[in-house]
Student: 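Mind looking over this structure? Questions follow.
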Amino acid sequence: MGGVGGQGNVMASRVLSNMLVRKGFQVTIGETFGASQRGGSVMSHIRVSTRSAWSPQIPKGRADIVVALEPIEAVRILRNYGNSHVKVLANTRPIYPVGVISGELDYPSLGEIEEFVNRVSLASWFIDATGEAMKLGNPVLANIIMIGALSRIEELPLDREDFSVVIGRSLPAGKQDLNLKAFDIGSSLLSSSC
Amino acid sequence: MSYLTDNREGIEYLFMGNEAIARGALEAGVNVASGYPGTPSSEIIESLAKVAKERNLYVEWSANEKVALEVAAAASFSRLRSLCAMKQVGVNVASDFLLHLGLSGTRGGMVLVTCDDPGALSSTNEGPSRHYARMFEIPLLEPGDFQEAKDMTKWAFELSEEIRNVVMVRSVTRVSHASGNVRLGALPEMEVHADFRYEASALNANEGPAESVPVGEKHRLQQEKLQKAIKLFEQSPFNTYQGPDKPELLIITSSAGNLYAREAISLVGVEDRVGLLKLGTTWPLPPTLLTKFLSKTDKIMIVEEVLPFLENNVKILAAEKARDVGMKTFYGKNEGTIPTTGELSPDIVVSALCKILKIDYREMDHEYEKVLQVTTISQVPERARTFCPGCPHRASFWSIHNALQMNNRRGFVCGDIGCYAMGRFSCGFNTTKTLHAMGSGAGLASGFGKLAQFGMDQPVLAVCGDSTFFHAALPALVNAVHHNADITLVVLDNSGTAMTGFQPHPGLSINAIGDDVPEIDIAEVCQAIGATVETRNPFDLEETQATLSQLIESRQGVKVLILRQECALSPDRRYTKQYDMQVNESLCLGEECGCNRLCTRIFQCPGLVWDKEKKKARIDEVLCVGCGVCSLICPAGAIERKEVA
């Protein structure tokens, strides 16, 4: 799962992993979040196993699913961890690197990104998670919308009840409803596009 | 109740390595915990602070790591159990006391947790802390997964009490900041009473004064303690072996290297050819155990990160036991199979294995690599680190940069440790020109500020944050004032130890466990020392630049400018907007403006982007936090701010 500092990548990877721990899996998350709030790329490597703890880094070319909270991050991750059976779920809202803002670097068009991702993955889905999150009043909820959408890909046993229990442990009651709503929106976005 | 204090034995949680360490301390019945924030160690003390009231602990963020270790030691001298946590560089700060502590010994169990950062993922160095254990003759433990992070921390307290000395538990980023399943143990209910006994003679380590002297006697005692540790290490369940009885190759590893090596063996499919000896007790090494495993095969590879600590110690042991274990071929850092810089990964261990065992392995399918290359996107834009939208540092460095440019005497800024270390990048307008340790900016400035006698005519500035000010800048500032150095120290006061997650420091009125405490006013301290002090809001660019220019020009002794504005991510300021921002497209002259796109090419706030189609600046409403600063830099007045009602 990758994104940009400030998007709640670390939090989303923990929620997702806790849902899987509830299903009885051994989960390892590897992440670097020293740069997490400072515009850098953030990536969480989530390993899910029935038997034992794997290393906190996915070996090159071995990701099964890529969840990108920001579109160009999907490309960045696939170049290192992609393979012919990888599935990709990506948010369509770009966050421009400072090099792009200053004009030194180019950011590809969404069309180019989608074409790339389609060609190098077995299946891919693009959703405007940030746009939907803004309708809910807070763009950071895009990360939860992505988890809701991921639950529809049916690669992982993610269900609403586990989500509800996991966020119930970490969020105050007032915020839980909004997060459940975000989860449901994500889930419905994918069921209509599947 | 926090999940950290769930008292149901045997249930499993997903714990971050640092949470597992904190839980281990709780299961050991820790009473006092102290530290100084630093990635990747901060969550240990944070976790303990969260449950301090519930578990009757005393937890503090100390002014620096040396003080933290002293605070923890005082608890141990009073027969309490204490833990002290810090990142690798903190051990350097604490090392003077640690040397003496090793000699004086401890009483209640005392554990020093150090978190190294191989690959410098969030540090300005990848300096190793393990060497301190050998240099200062104290035992070293290294957890090889998340469960061990908990179990080993708990056992470290018992070991410390058994041998009556401080025990070092060393973690790394990929253990501390990674997460995994952890099975809980019970939390003890213990009655404790703090009492420092000093009535017996200096040679009575348990009831005499706590001192490193008489050195000869104390040093001999300390070495006896290490011998005792070796005996326990020979039987330790933290040293494990997995693999065939007579492996072709034996891997010896510790810490995150264990996870990488285990995965690499599985990826290459050589479980029947390669043995994995994972050591949890890495100093002093248990010689009998090592002799047994070194005898199993002639080829040995040591997998560890950065410098060859384990490797060199194993080689010394192999030389001593040469008669028993025979001739060995060692693979590792000294012969070049494993790199001596950067962090490891499963892939690095895979290539090492394949080289030694002569196996062909491809990371990526050849066909897939070809597909990646023929697709249209040739370049993925790098994400350089930058200050967050609304960060006061961007405004501060803008003013410092402009004041130095206008002064036109090739002035420069000595940088320091914090988010503002990025002052050396374009987001800080490449303003800082030195970067070393905590407080080194002020110290270096103190030195530069005395070089006028040799003809130096460059204005000398230094920056430091509010937490860094108390940590290590203060002695440097005293030095500069006392020696009448001509410098300007800019304190970038954003009301917290922002980079590591807003831990409180002596300048704030709240402590780690949420109690009200007296705050120490930076301006008053500087005035009392004898510096000229000004305080400004960095978002007021004009005032800040005028003040800076004046201070730089005054050329008289030490000037301190405090730029006070809360971090954009601070719990108080987050999600509150002071201004609604908008680019008035009819006023924005775009590329024709003649300002060289000051707003986006130079100022580079992620919340203000360049619209390629319209050729005009545009506010990114998702990222902009409404600080209003960019409206002050647009020469055409096209960036408009409206106070949020």
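Convention: sequence-line order gives letters A, B, ...; per-chain numbering from 1.
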Student: If you count heavy-atom pairs under 4.5 Å with chain A, which of B:D365, B:V374, B:V380 comes out on top?
Tutor: B:V380
Student: Taking all atoms of both residues into account, what is the closest heavy-atom pair of B:R597 and A:I101, and its distance?
Tutor: NH2-O, 2.6 Å
Student: Would a distance-only check, ignoring hydrogens and angles, find a side-chain to backbone donor-acceptor pair under 3.5 Å from B:E363 to A:K60?
Tutor: no
Student: Check whether A:R119 gets within reach of chain B through its side chain, its backbone, both or neither, counting any heavy atom under 4.5 Å.
Tutor: both
Student: Distance from B:R174 atom CZ to A:E31 atom CD, nearest 0.5 Å?
Tutor: 9.0 Å
Student: A:F116 vs B:L372, test: side chain to side chain contact (heavy atoms under 4.5 Å, CB included). Steps then yes/no.
Tutor: CA-CA 8 Å; A:F116 176 94; B:L372 278 181; 3.7 Å; yes
Student: Can you name the nearest heavy-atom pair linking A:F25 to B:N181, along with the distance?
Tutor: O-ND2, 3.1 Å
Student: Mind ranking A:N138, A:V140, A:V120, A:V98 by heavy-atom pairs under 4.5 Å with chain B and telling me who comes out on top?
Tutor: A:V120
Student: Using a cut-off of under 4.5 Å on heavy-atom pairs, state which of B:S179, B:G119, B:G180 scores highest against chain A.
Tutor: B:S179
Student: B:F146 versus chain A, heavy atoms under 4.5 Å apart: side chain, backbone, both or neither?
Tutor: side chain
Student: Mind listing the closest non-hydrogen atom pair of B:Q604 and A:S102 along with its distance?
Tutor: NE2-CB, 3.4 Å
Student: Salt bridge or not for A:R62 and B:D347, using N-O below 4.0 Å?
Tutor: no
Student: Check whether A:I29 gets within reach of chain B through its side chain, its backbone, both or neither, counting any heavy atom under 4.5 Å.
Tutor: both
Student: Name the region of B:Q379, side chain, backbone, both or neither, that has any atom closer than 4.5 Å to a heavy atom of chain A.
Tutor: backbone
Student: Is it the backbone or the side chain of B:S266 that comes under 4.5 Å from a heavy atom of chain A, or both, or neither?
Tutor: side chain
Student: For the pair A:D106 and B:K612, evaluate side chain to side chain contact (heavy atoms under 4.5 Å, CB included) and give the outcome as yes or no after the intermediate values.
Tutor: CA-CA 10 Å; A:D106 275 327; B:K612 264 203 290 194; 4.0 Å; yes
Student: Report which part of B:C599 has an atom under 4.5 Å of a heavy atom belonging to chain A: side chain, backbone, both, or neither.
Tutor: neither
Student: Nearest 0.5 angstrom please: B:S426 OG to A:E104 CD, how far?
Tutor: 6.5 Å
Student: Specify which of A:R93, A:E112, A:M134, A:R76 makes the most heavy-atom pairs with chain B at under 4.5 Å.
Tutor: A:R76
Student: Would you say that more than 12 heavy atoms from the other residues, nucleotides or ligands in this model lie under 6.0 Å from the NZ of B:K577, or not?
Tutor: yes
Student: Looking at A:N83, is its backbone amide N or carbonyl O close enough to the side chain of B:Y368 to form a donor-acceptor pair, meaning the two atoms are under 3.5 Å apart?
Tutor: yes
Student: With only heavy atoms counted, which part of A:N80 is less than 4.5 Å from chain B, the side chain, the backbone, both or neither?
Tutor: backbone
Student: Let me know if B:F425 has heavy atoms under 4.5 Å from chain A in its side chain, its backbone, both or neither.
Tutor: neither
Student: Within a 6.0 Å radius of atom CZ on B:R183, are there more than 12 heavy atoms belonging to other residues, nucleotides or ligands?
Tutor: no
Student: Out of curiosity, B:H177 NE2 to A:S44 OG, how far, rounded to the nearest 0.5 Å?
Tutor: 12.0 Å
Student: Is B:R424 atom CZ crowded by more than 12 heavy atoms from other residues, nucleotides or ligands, each under 6.0 Å away?
Tutor: no
Student: Provide the closest heavy-atom pair for B:Y260 versus A:P56 in the form atom of the first, atom of the second, distance.
Tutor: CE2-CD, 4.2 Å
Student: Mind checking the CD-CZ spacing from B:E369 to A:R79? Nearest 0.5 Å is all I need.
Tutor: 11.5 Å
Student: Measure the spacing between CD of A:Q57 and CD1 of B:I348 and express it to the nearest 0.5 Å.
Tutor: 8.0 Å
Student: Between B:L267 and chain A, with a heavy-atom cut-off of 4.5 Å, which part of the residue counts as in contact: side chain, backbone, both or neither?
Tutor: side chain
Student: Can you tell which of A:I58, A:L20, A:T28 has the highest number of heavy-atom pairs within less than 4.5 Å of chain B?
Tutor: A:T28
Student: Counting only non-hydrogen atoms closer than 4.5 Å, does A:T130 touch chain B with its backbone (N, CA, C, O), its side chain (CB onward), both, or neither?
Tutor: side chain
Student: Closest approach of A:R14 and B:L14, non-hydrogen atoms and distance?
Tutor: NH2-O, 4.0 Å
Student: Identify the two heavy atoms, one from A:Y81 and one from B:M364, that lie closest to each other, and give their separation to 0.1 Å.
Tutor: N-CE, 4.0 Å
Student: Measuring heavy-atom distances to chain A, does B:I11 have an atom under 4.5 Å in its side chain, in its backbone, in both, or in neither?
Tutor: neither
Student: Under a 4.5 Å heavy-atom cut-off, does chain A meet the side chain of B:Q147, its backbone, both or neither?
Tutor: neither
Student: With only heavy atoms counted, which part of A:Q26 is less than 4.5 Å from chain B, the side chain, the backbone, both or neither?
Tutor: both
Student: I'd like to know whether NZ of A:K175 has more than 12 heavy-atom contacts from other residues, nucleotides or ligands below 6.0 angstrom.
Tutor: no
Student: Chain B heavy atoms under 4.5 Å from A:V86: which part of the residue, side chain, backbone, both or neither?
Tutor: side chain
Student: If I measure from the heavy atoms of chain B, does A:P59 come under 4.5 Å with its side chain, its backbone, both, or neither?
Tutor: both
Student: Distance check, rounded to the nearest 0.5 Å: B:R383 atom CZ versus A:I95 atom CD1?
Tutor: 6.5 Å
Student: Measure A:I113 against the heavy atoms of chain B and call it side chain, backbone, both or neither at under 4.5 Å.
Tutor: both
Student: Given heavy-atom pairs under 4.5 angstrom as the criterion, report whether the side chain, backbone, both or neither of A:P97 touches chain B.
Tutor: both
